[in-house]
There are 2 protein chains.
Amino acid sequence: MSPRKSAVETAATRTRIIECALTLASAEGLEGVTIGRLATELGMSKAGVIGHFGTKEALQLATLDAAVEKFADRVPARAAGADPGVDRLTRAFDEWIAYMADEGHGGCFLTSVATEFDGRPGPVRDAVLAALSRWSDYAAAELRTAVDAGDLPPDTDVDQLVFELGGVGLAAGQAIQLHRDPAAPERARRAIDRLLGR
Amino acid sequence: MSPRKSAVETAATRTRIIECALTLASAEGLEGVTIGRLATELGMSKAGVIGHFGTKEALQLATLDAAVEKFADRVPARAAGADPGVDRLTRAFDEWIAYMADEGHGGCFLTSVATEFDGRPGPVRDAVLAALSRWSDYAAAELRTAVDAGDLPPDTDVDQLVFELGGVGLAAGQAIQLHRDPAAPERARRAIDRLLGR
DNA sequence: CCTACCGATCGGTAGG
DNA sequence: CCTACCGATCGGTAGG
């Protein structure tokens, strides 16, 4: 850390690095974010970049953390105003799909990193797993509320439904990122409406 | 190429390299397959490895090609004996799921590479897109047969159904590779049976 | 936060 | 198919 900069400035630089890492990782994957490239892109030295994190793995974890926080601020947060149960979950999935379709995100950061690290044990894989589990738990809780409210049949298999809803999200992500299919969001919404009995 | 080896031996070495690349790529991604690591793993020199392909990109394309061929030999080929339409498609998806659950494949090679290269334009991305389109076309054709045979409603939206079936496959892949959930194949089969009205 | 540097590895080539 | 080599880049450190 520079003794010439205030703590506020140091934190701002750290944020700049992470924002840049998010952009690079969207295109090249989290492993493809190199310290040298971040330094060039930000007009800093490599030592200046890595000094904020210590190791590349710590930088990866910080980047992932920022992505998870952005997702939480956008998706569940915007659905929080809707009625618990089917309404809120429909709204949350709509937000997820809109988030993936947004330019600049490079689709769903979380699902990309999940694929990238599913065969590489370690802290990054663990963190991805934890973040996805939180999202699954959120969906399962809303589904149970919907069952209790009578908006879904009492014999609903909640875990099965979470699995299938997740599949729709993954299909939407692939259709958007790989096939660049403009119909993808609409297809995803239709699938979700059917799964939630609307 | 070595002047001391026959064409048969040369082809066998090429196959060995590609097999090794498939194994490495299952864990580390296609970009993570380095020429040096292949050389070490195979007990060859780097020049000996790259000589068979010319460039790393050509090696990636050859590896992807081999994966596509393996998939075609296993999945649609084993379903070919079933009755066209719902039966054959159900069988094909069962084979796909079993293929993903098999140890050693590292899940579905094709879907991993699809995520890895969805943001990197170039020949590899194009080849992945082509392979996935072939699979989608296959599913769509079987679905149309099923509609014509009256096994699916006449107003079936075939493209929508292909989208949703693909989502189930992606969900199964993630559940197997990341969550290591032994219930994943069964969940996927249940979802597919429901989508195909069984 | 920088300069200067480390050993390791990258993809690839020349020449045999 | 090998040895020997190329310039570039990797993650990271020492010292200021």
Side-chain angles (χ1 to χ4, degrees), chain A residues 1-22 24-25 27-64 113 116-117 120 122-125, chain B residues 1-22 24-25 27-64 113 116-117 120 122-125:
Chain A
M1 303 299 143
S2 165
R4 275 170 270 148
K5 300 263 179 168
S6 71
V8 174
E9 286 170 310
T10 300
T13 301
R14 200 187 135 101
T15 302
R16 273 182 70 225
I17 296 169
I18 290 174
E19 285 300 316
C20 188
L22 281 169
L24 289 178
E28 317 271 355
L30 204 47
E31 201 61 48
V33 180
T34 67
I35 297 158
R37 201 154 155 211
L38 281 171
T40 305
E41 213 88 34
L42 293 163
M44 307 171 52
S45 66
K46 291 203 300 173
V49 170
I50 199 60
H52 284 268
F53 306 95
T55 66
K56 183 178 181 183
E57 186 174 86
L59 165 61
Q60 289 177 325
L61 287 168
T63 305
L64 182 58
V113 178
E116 187 180 358
F117 281 84
R120 309 188 199 185
V124 177
R125 196 191 123 100
Chain B
M1 304 297 145
S2 165
R4 277 170 269 148
K5 300 264 180 168
S6 72
V8 174
E9 286 170 309
T10 300
T13 301
R14 201 187 134 102
T15 303
R16 274 183 69 226
I17 296 169
I18 290 173
E19 285 300 317
C20 189
L22 281 168
L24 289 179
E28 316 273 356
L30 204 47
E31 201 62 48
V33 180
T34 67
I35 297 158
R37 202 157 153 208
L38 281 170
T40 304
E41 212 90 33
L42 293 162
M44 308 173 50
S45 65
K46 290 203 301 172
V49 170
I50 200 61
H52 284 268
F53 306 95
T55 65
K56 184 178 180 182
E57 186 175 85
L59 164 62
Q60 288 177 325
L61 287 168
T63 304
L64 181 57
V113 178
E116 189 180 356
F117 282 84
R120 308 188 200 186
V124 176
R125 197 192 122 101

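Since we're looking at a predicted model, the values are computed, not measured. So that the names make sense, note that chain A is the first sequence line, chain B the second, and so on, each numbered from 1.
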Study note, to complete from the structure: Residue set satisfying side chain to side chain contact (heavy atoms under 4.5 Å, CB included) with B/A58, at least two apart, ordered chain then number -> B/F53, B/T55
Review point. Which of residues 27-39 of chain A sit near DNA chain C, with a heavy atom under 4.0 Å from it?
Key: none
Point to revise | A/L59 side chain reached by A/H52 side chain, heavy atoms, under 4.5 Å | key: no
Check your understanding: Looking at C/dC2, D/dC1, C/dC1, which one has an atom nearest to any side-chain atom of B/M44?
Key -> D/dC1
Point to revise | Interatomic distance where CD belongs to B/E41 and P belongs to C/dT9 [whole Å] | key: 14 Å
Revision key, fill the gap. Interatomic distance, CD@A/E116 vs CD@B/E28, rounded to 0.5 Å, equals 10.5 Å
Check your understanding: Who are the side chain to side chain contact (heavy atoms under 4.5 Å, CB included) partners of A/Q60, not counting sequence neighbours?
Key -> A/L30, A/E31, A/K56, A/E57, A/F117, A/V124
Review point. In whole Å, what is the span from the CD1 atom of B/I50 to the C1' atom of D/dA4?
Key: 17 Å
Practice item. Using heavy atoms to find the nearest nucleotide of DNA chain D for A/T55 and B/S45 separately, return the residue whose nucleotide is more 5′. Key: B/S45
Review point. Below 3.5 Å, does any donor atom in the side chain of B/K56 face an acceptor in the base of C/dG12, or the other way round?
Key: no
Check your understanding: Using Watson-Crick and G-U wobble pairs whose two distances are both under 3.5 Å, how do you write the pairing of DNA chain C as dot-bracket, with | for links to another strand?
Key -> ||||||||||||||||
Review point. Below 4.5 Å, heavy atoms only, C-beta onward: do A/I18 and A/R14 meet side chain to side chain?
Key: yes
Check your understanding: Between atom CD1 in A/I17 and atom P in D/dG11, what is the gap in whole Å?
Key -> 14 Å
Review point. Can you tell me how far the CD atom of A/E19 sits from the OG1 atom of A/T15, to the nearest 0.5 Å?
Key: 7.5 Å
Name every donor-acceptor pair, under 3.5 Å, that has one atom in a side chain of residues 38-48 of chain A and the other anywhere in the protein, sequence neighbours excluded.
{"from": "A/T40", "atom 1": "OG1", "to": "A/G36", "atom 2": "O", "distance (Å)": "3.0"}
{"from": "A/S45", "atom 1": "OG", "to": "A/G48", "atom 2": "N", "distance (Å)": "3.0"}

Review point. What is the distance from atom OG1 of B/T63 to atom CD1 of B/I17, rounded to the nearest 0.5 Å?
Key: 9.5 Å
Exercise for review: Can you figure out which of C/dA14, D/dT13, C/dC1 approaches the side chain of A/T13 most closely?
Suggested key: C/dC1
Review point. What is the distance, rounded to the nearest whole Å, between atom NZ of A/K46 and atom P of D/dG11?
Key: 7 Å
